[in-house]
Asks: 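Below are the structure tokens for one structure; questions will follow.
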Amino acid sequence: MIKRLTSILLLSYVTLHSLNVKAQDDIPYVKMLGEIQYLISNKQYSKAYKQSQKYYKYLGEPDFDYLLGISALNSGVSAPAVFAFERVVEDKPQWYEARLYLIKSYITANNLPAANSQALALIHNKTASDRVKTAAQNLLEISQNKQRVNARSFNQSIEFAYGKDGNVNAGTSEDTILIPNLGEFLLSPDSKSTDDSYVKLNYRGHYLHPIDQQSALSVGISTDWYKFSELSQYDRINTRLSARYQQQLNNTRWYVQAGVIPLLLDGELYRTETSVVGGANYQLDKQLSLFSAVTLGHINNSFDEKLDNSFYSLNIGASYMSSSWLHSVSANHKSEIASIDTGDFNARNINGVYYQVTALLGQQWQLSAQTGYQWIEYQDEHPLFMQDRDDSLLILSSSLRYLVTKQLAVQLALNYQDKTSNISLFEYDRFDTNLSASYSF
């Protein structure tokens with residue numbers, strides 16, 4: 001009895017909504033709609049979808065498309081559901097139930113931007129009822145939550161490199177030094193420049209966890225392991241650990257980041273650097289952006305407390321991106337303050353300017369180059385050389401990268417440093433070259 005009454009009501013419903021069909025097709029059309037609606041009301045969605053596929057000549061009729069969309073959506077076939085509800089909404093934009101189903105279809109098809117757009121349009125529609133707006137708001141939250149889940153990512157890469165370092169210990173090329181009041185001394189091999197070949201293994205991992213549409217948390221790790229052929233005392237492991245919170249406000253991305261960098265030298269902890277960074281990136285347009293950052297930190301040296309210091313740094317810059325080129329210029333100031341009075345001769349101010357360019361040479365080749373210059377002023381007289389130390393450092397680097405596959409790449413890198421000083425012991429030049437292969441997953 002109840003099923004018969006339901007059939008009568010459904011037939012009445014589709015009769016009232018089937019006004020675009022030619023008169024001679026009214027009876028079979030209404031009967032067909034009633035059959036499909038009956039199957040849907042009994043949750044026989046797959047059977048209803050198969051039944052509706054027999055009547056594709058009615059595509060474009062809002063009532064037929066509406067039932068087709070419901071049966072397809074509940075049968076797990078999202079694409080036909082999307083097309084069906086899009087046709088309904090285009091023909092009858094005030095049919096709010098169809099628009100809600102369209103949002104559901106977009107979510108199922110993972111077209112989340114379209115789902116958000118449709119939901120927001122309904123929420124701000126003046127003629128939609130509160131019930132419809134509430135339903136749209138719920139669907140919007142589902143869509144945005146799915147976006148956040150989809151945006152979660154964990155990326156990793158490993159890199160193996162073989163290289164030659166022309167000055168492993170950053171030593172001088174001089175054979176002797178002159179120490180005031182003491183005379184000339186012959187330098188030991190440990191104080192002179194020494195070259196050696198090495199192998200390097202790098203691991204990087206990065207996890208991104210969106211909180212909402214504008215904010216996210218991320219954690220990262222990068223570890224470099226160097227093994228030298230002969231100079232094992234310079235074998236080292238350098239690890240960077242960081243945690244970051246970022247917030248997007250209009251065209252500006254604000255962030256705060258905490259990090260720790262332990263350095264192990266020949267198997268023993270040599271120093272640990274901790275820092276907190278606050279910064280912002282402002283997007284002027286699609287190509288030009290500005291960036292700035294302030295860093296506060298501390299370095300604890302396990303071997304010599306005179307090398308302990310606290311520091312702060314300021315960094316500003318701009319980047320410009322075109323279809324194949326990325327240019328970046330920046331300026332930096334860093335001030336290191338010794339932790340104990342006897343280490344004041346190691347306190348220093350560093351001012352630097354830098355330029356970096358990256359070019360895409362086709363789909364697989366990438367060329368990068370960087371140049372920088374630093375002015376380094378020490379804040380107290382050196383106890384041995386009895387004068388304030390004044391250094392400058394020229395930095396040049398370039399790399400050519402070839403993408404073998406989306407995951408596998410090979411790279412040739414060249415790095416050069418030229419340091420000058422008013423104290424010859426601290427002057428050096430250094431050339432490092434390496435060939436590497438990396439795999440991302």
Side-chain angles (χ1 to χ4, degrees), residues 161-179 184-198 200 224 226 228-231 233-234 236 238 263 265 270-271 273 299 307 309 311 313-315 317 327-336 345-359 367-379 382 384-385 387-401 411-436:
Y162 176 79
K164 181 68 176 289
D165 190 335
N167 194 347
V168 178
N169 60 337
T172 182
S173 60
E174 302 289 334
D175 293 321
T176 62
I177 59 169
L178 182 64
I179 300 177
E184 190 175 29
F185 286 82
L186 185 68
L187 290 174
S188 68
D190 289 341
S191 299
K192 298 180 62 177
S193 62
T194 307
D195 64 274
D196 199 3
S197 58
Y198 64 87
K200 182 185 78 168
D224 288 309
Y226 284 85
F228 288 91
S229 298
E230 298 179 4
L231 305 174
Q233 66 269 32
Y234 296 107
R236 61 184 181 269
N238 193 33
L263 171 62
L265 192 61
Y270 178 71
R271 70 167 182 245
E273 177 181 326
I299 294 177
L307 295 175
N309 69 73
F311 65 88
S313 67
L314 306 172
N315 186 63
H327 303 269
S328 177
V329 293
S330 62
N332 176 271
H333 169 78
K334 184 179 183 181
S335 182
E336 298 178 354
F345 70 95
N346 287 315
R348 59 184 181 173
N349 291 324
I350 305 172
N351 295 296
V353 291
Y354 310 91
Y355 169 71
Q356 182 174 354
V357 60
T358 301
L367 177 65
S368 297
Q370 180 182 16
T371 182
Y373 196 84
Q374 295 180 350
W375 296 267
I376 309 169
E377 297 181 356
Y378 286 79
Q379 300 305 297
H382 195 284
L384 183 62
F385 295 99
Q387 60 178 313
D388 292 347
R389 182 176 163 189
D390 191 5
D391 299 350
S392 61
L393 178 65
L394 173 66
I395 303 169
L396 299 172
S397 65
S398 63
S399 64
L400 181 63
R401 185 179 180 87
Q411 176 176 282
L412 174 65
L414 308 173
N415 303 284
Y416 176 74
Q417 295 180 358
D418 183 14
K419 191 171 188 179
T420 59
S421 176
N422 60 335
I423 301 176
S424 60
L425 178 65
F426 301 109
E427 290 191 328
Y428 69 84
D429 60 0
R430 185 176 188 175
F431 182 74
D432 179 285
T433 180
N434 66 74
L435 181 65
S436 64

Asks: Y354 and side-chain contact (heavy atoms from CB on, under 4.5 Å): which partner among V329, N315, N332, T371?
Replies: N332

Asks: For the backbone of L231 and the side chain of D196, can you confirm whether one donor and one acceptor N or O come within less than 3.5 Å of each other?
Replies: yes

Asks: Between N415 (side chain only) and F431 (backbone N and O only), is there a donor and an acceptor less than 3.5 Å apart?
Replies: no

Asks: Show your reasoning for whether side-chain contact (heavy atoms from CB on, under 4.5 Å) applies to Y270 and L307.
Replies: CA-CA 11 Å; Y270 178 71; L307 295 175; 3.8 Å; yes

Asks: Just checking, any donor-acceptor pair under 3.5 angstrom between side chains of N422 and Y378?
Replies: no

Asks: Mind checking what makes salt bridge (charged side-chain N to carboxylate O under 4.0 Å, His left out) contact with D165, not counting sequence neighbours?
Replies: R430

Asks: Indicate the atoms forming the closest heavy-atom contact of Y428 with A170, along with that distance.
Replies: CD2-O, 3.6 Å

Asks: Taking CD in E230 as the centre, count heavy atoms belonging to other residues, nucleotides or ligands within less than 6.0 Å. Is the count above 12?
Replies: no

Asks: Looking at side-chain heavy atoms only, is the closest gap between E174 and L425 below 4.5 Å?
Replies: no

Asks: Where the side chain of S398 meets the backbone of L396, is there a donor-acceptor pair that is under 3.5 Å apart?
Replies: no

Asks: So, do H333 and N349 sit near enough that their side-chain heavy atoms are less than 4.5 Å apart?
Replies: yes

Asks: Quick one: pull up CG in D429 and CG in L393 and give me the separation to the nearest 0.5 Å.
Replies: 11.0 Å

Asks: Go through the side-chain N and O atoms of S421 and D391 and say whether any donor and acceptor fall under 3.5 Å apart.
Replies: yes

Asks: If I compare all heavy atoms of N434 with all of A161, which pair ends up nearest, and what's the gap?
Replies: OD1-CB, 4.2 Å

Asks: Report yes or no: is the cationic atom of K334 (NZ for Lys, CZ for Arg) under 6.0 Å from the centre of the six-membered ring of F311, at an angle within 45° of the ring normal?
Replies: yes

Asks: Are Q411 and L400 close enough that some pair of their side-chain heavy atoms sits under 4.5 Å apart?
Replies: no

Asks: Say you draw a straight line from NZ of K200 to OG of S436; how long is it, rounded to the nearest 0.5 Å?
Replies: 6.5 Å

Asks: Is the backbone N or O of S197 less than 3.5 Å from a side-chain atom of S229, with the two atoms forming a donor-acceptor pair by type?
Replies: yes

Asks: Parallel, tilted or perpendicular: which describes the rings of F228 and Y234, with under 30° parallel and over 60° perpendicular?
Replies: perpendicular

Asks: Atom CG in L414, atom OG1 in T433: separation rounded to 0.5 Å?
Replies: 4.5 Å

Asks: Between R348 and E336, is the closest basic N to carboxylate O distance under 4.0 Å?
Replies: yes

Asks: Is there a donor-acceptor contact under 3.5 Å linking the side chains of S173 and S193?
Replies: no

Asks: Let's go through I179 and F385 carefully: what are the C-alpha distance in whole Å and the side-chain angles of both, what is the deciding distance for side-chain contact (heavy atoms from CB on, under 4.5 Å) to 0.1 Å, and is it a yes or a no?
Replies: CA-CA 6 Å; I179 300 177; F385 295 99; 4.2 Å; yes

Asks: Rounded at 0.5 Å granularity, tell me how far NZ in K192 sits from CG in L186.
Replies: 7.0 Å

Asks: Kindly assign one of parallel, tilted or perpendicular to the pair F345 and H382, based on the angle between their ring planes and the thresholds 30° and 60°.
Replies: perpendicular

Asks: Report the C-alpha separation of Q417 and L394 in whole Å, then their side-chain angles, then the decisive distance to 0.1 Å, and conclude whether the side-chain contact (heavy atoms from CB on, under 4.5 Å) test is met.
Replies: CA-CA 6 Å; Q417 295 180 358; L394 173 66; over 6 Å; no

Asks: Step by step, work out the side-chain contact (heavy atoms from CB on, under 4.5 Å) result for Y355 and Q370.
Replies: CA-CA 6 Å; Y355 169 71; Q370 180 182 16; over 6 Å; no

Asks: Hey, could you give me the CZ/CZ distance between R389 and F426, rounded to the nearest 0.5 Å?
Replies: 4.5 Å

Asks: Does the pair D195/K164 count as a salt bridge with the N-to-O cut at 4.0 Å?
Replies: yes

Asks: Would you compute the distance between atom OG of S397 and atom CG of D432 and round it to the nearest 0.5 angstrom?
Replies: 10.5 Å

